[in-house]
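First comes the structure, then the notes that go with it.
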Amino acid sequence: MSYLSEQQIIRRKKLNQLKSLGINPYPSEEYLITDTICKIHKNFIEKENVSIAGRLMRLRILGKASFGEIKDHTGSIQVYFTKNDLTSNKMKKEDVYDIFLKKLLDIGDIIGVEGFLFKTKMNEITIHVNKLTLLSKSIRPIPQVKVDKNKKIYDAFSNVEQRYRMRYVDLIVNDDVKDIFLKRTRIIQEIRNFLDKKKYIEVDTPVLQSIPGGAIARPFKTYHNALGIPLYLRIANELYLKRLIIGGFHGVYEFSRNFRNEGMDRFHNPEFTVLELYVAYKDYYWMMDFTENMMKHIFDLFHEENHDINFQIPFPRISILDAIKKYTGFSIKNMDQNDLRKVCQELHIEENIKMSKAKLIENIFEEKCEKHYKNPTFIIDYPIVMSPLTKKHRCDNSLSERFELIINGKEIANAYSELNDPVDQLYRLKEQIKLSEKKTDDEFMLIDKDFIRALEFGMPPTAGIGIGIDRLVMLLTKNKSIQDVLFFPQMRPEKKGKK
RNA sequence: GACCUGAUAGCUCAGCUGGUAGAGCAUUACACUUUUAAUGUAAGGGUCCUGGGUUCGAAUCCCAGUCAGGUCACCA
């Protein structure tokens, strides 16, 4: 047990005093609530009796009367206690105010109050409490954030490390944090509704995979004891959704938690959420139209009023080669690796002999072009070498039928006409391995032969898309770090001995 | 992985060129029956992130480490 602070010791003493007075600080009975705080504010009726429960956020004791503030999941309300009127179960009336309320109750405790509504002379809706019930004792002090009339915040609980490590405290104390996560949930619900209305089927596919496919990334590795085999946490679910399209589903989607064992920064968490959608008999042009409509629907519902991004449709469609030409002056079509390296040198972009054509082109685009696309823009027709799971472009063998949606200079979605030629697919995956083996010989660069087998049975022409949900939520809530849109972002373990 | 910045009371922070640690809120005690950043008086509360070093003396200077944030690198 680590050392306890003075305040923790005091609260533990109070806990024992409560018990010795016959008050259970953690009662098990249901507590009957008649109203939420939000409802009381909306439908105020003078003298109406109410019963609510929540966390005591503030307590101002002024002699024989006191004011407090109680917060539930819908809001906060002022409560008023007087020595004459306050009662509680299992306690003599004369002790309730002087001992229970004044000495044993703490800010942070979860309490239930019954009483009638009135307005103070400051015109604030308040509950005149007749009966006070302790529902859960808090033995650790919460940060005291104060807000004045002008909504100015004092002593905000603002240490980011503590906020992420103790998100529960962050949520108790910082109201705007909860709003971000409620919005995240509503965005996901709205996307789900949109897809369900189109009769696409929400599915679950394996998180534990023996061959981590569908992307190139370092996976997390684990081990199945009974089977005696290594398993990997999925880096993508793409190959499984395509198997379902082969199996006859016309459209499938999954909000996929993916795991990648790579660096972390404000855009990358080791686990993150992607919406993957695959629709049979469609191509990437159709998918662009679809994406535009879905995004517009979501933006109309959720974007902040003062957003400086213009979400008007249609979104411009620009080929990646044109984008590069526009922002660098170089026409890189048909360039080989050597030429591309020269271009990189001239543009002062890092390059080396080990980088593939695909990597070099990607670097040029990311360094010189991506940041210019603030408003939603489709970047289309990526060179085929960059896209091993994508169909060759119908008009140009060197290109693929792929697009990315860029918003605010960041990739939000990645989509293509899915490659359904099993022979070509096998060839391209082998090429991919050749390229990557130059850099690393990690064992996870295996070909998913079952996926090739599935393709051999025939996959309809299919359009697929992956949308980065975390980044979408960041965009719509105007947060600059992925950690702010994840309840529990990944952190290194805390030091031992920390209180 | 590299560089920059930071870590002091429960929370938010101050602490100068080295001299045994301060404020506000919170806590404790007293007063106060309409407060709302309640007020007044008094009190308590610290592994100054950890470990070394320099020094008569280190929160402060130096070295190493831990954790966090930022920038870059990595990342289809």
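The structure displayed is predicted, hence computed values, not measured ones.
Across all strands, A/Ile61 comes closer than 4.0 Å to base atoms (heavy-atom distances).
Regarding contacts with the backbone of B/U34, every side-chain N or O of A/Arg60 stays at 4.0 angstrom or more from both OP1 and OP2. Side-chain N/O atoms of A/Lys119 include none lying less than 4.0 angstrom from OP1 or OP2 on B/U36. Look at A/Arg492 and you won't find any side-chain N or O under 4.0 angstrom from OP1 or OP2 of B/U66. Regarding contacts with the backbone of B/A38, a side-chain N or O of A/Lys146 is found under 4.0 angstrom from either OP1 or OP2.
Distance, A/His268 NE2 to B/A73 P: 12 Å, rounded to whole Å. In this structure, the CE atom of A/Met264 is 18 Å from the P atom of B/C74, given to the nearest Å. Between A/Glu161 atom CD and B/G10 atom C1' the separation is 16 Å, expressed in whole Å. Regarding A/Leu105, its CG atom lies at a distance of 11 Å from the P atom of B/U27, rounded to whole Å. Atom CZ in A/Arg266 sits roughly 13 Å away from atom P in B/A73 (whole-Å rounding). For the pair A/Lys410 NZ and B/A76 P, the computed distance is 13 Å after rounding to whole Å. Between A/Asp98 atom CG and B/C32 atom P the separation is 10 Å, expressed in whole Å. In this entry the distance linking CZ of A/Phe67 with C1' of B/U39 reads 14 Å, nearest Å.
In the displayed structure, A/Tyr427 atom OH is contacted under 6.0 Å by at most 12 heavy atoms of other residues, nucleotides or ligands. The neighbour count for A/Lys325 NZ, taken as heavy atoms of other residues, nucleotides or ligands under 6.0 Å away, does not exceed 12. More than 12 heavy atoms of other shown residues, nucleotides or ligands fall within 6.0 angstrom of atom NZ in A/Lys93.
If A/Glu6 and A/Ala215 are placed on RNA chain B by their nearest nucleotide, the residue sitting closer to the 5' end is A/Glu6. Each of A/Gln144 and A/Gly214 has a nearest nucleotide on RNA chain B; the 5'-most of these lies closest to A/Gln144.
Look at B/G51: its Watson-Crick or wobble partner, with both distances under 3.5 angstrom, is B/C63. Base pairing analysis places B/U5 opposite B/A68; the two distances defining the Watson-Crick or G-U wobble pair are each below 3.5 Å. Of all nucleotides present, none satisfies the Watson-Crick or G-U wobble test against B/G44 with each distance under 3.5 Å.
Using a 4.0 Å cut-off between a side-chain N of Lys or Arg and a carboxylate O of Asp or Glu, A/Arg428 and A/Asp424 qualify as a salt bridge.
Using modelled atom types and a 3.5 Å distance limit, the side chains of A/Arg394 and A/Ser417 yield no donor-acceptor pair.
For A/Ser158 and B/U12, a side-chain-to-base donor-acceptor distance below 3.5 Å is absent, hydrogens and geometry of angles not being considered.
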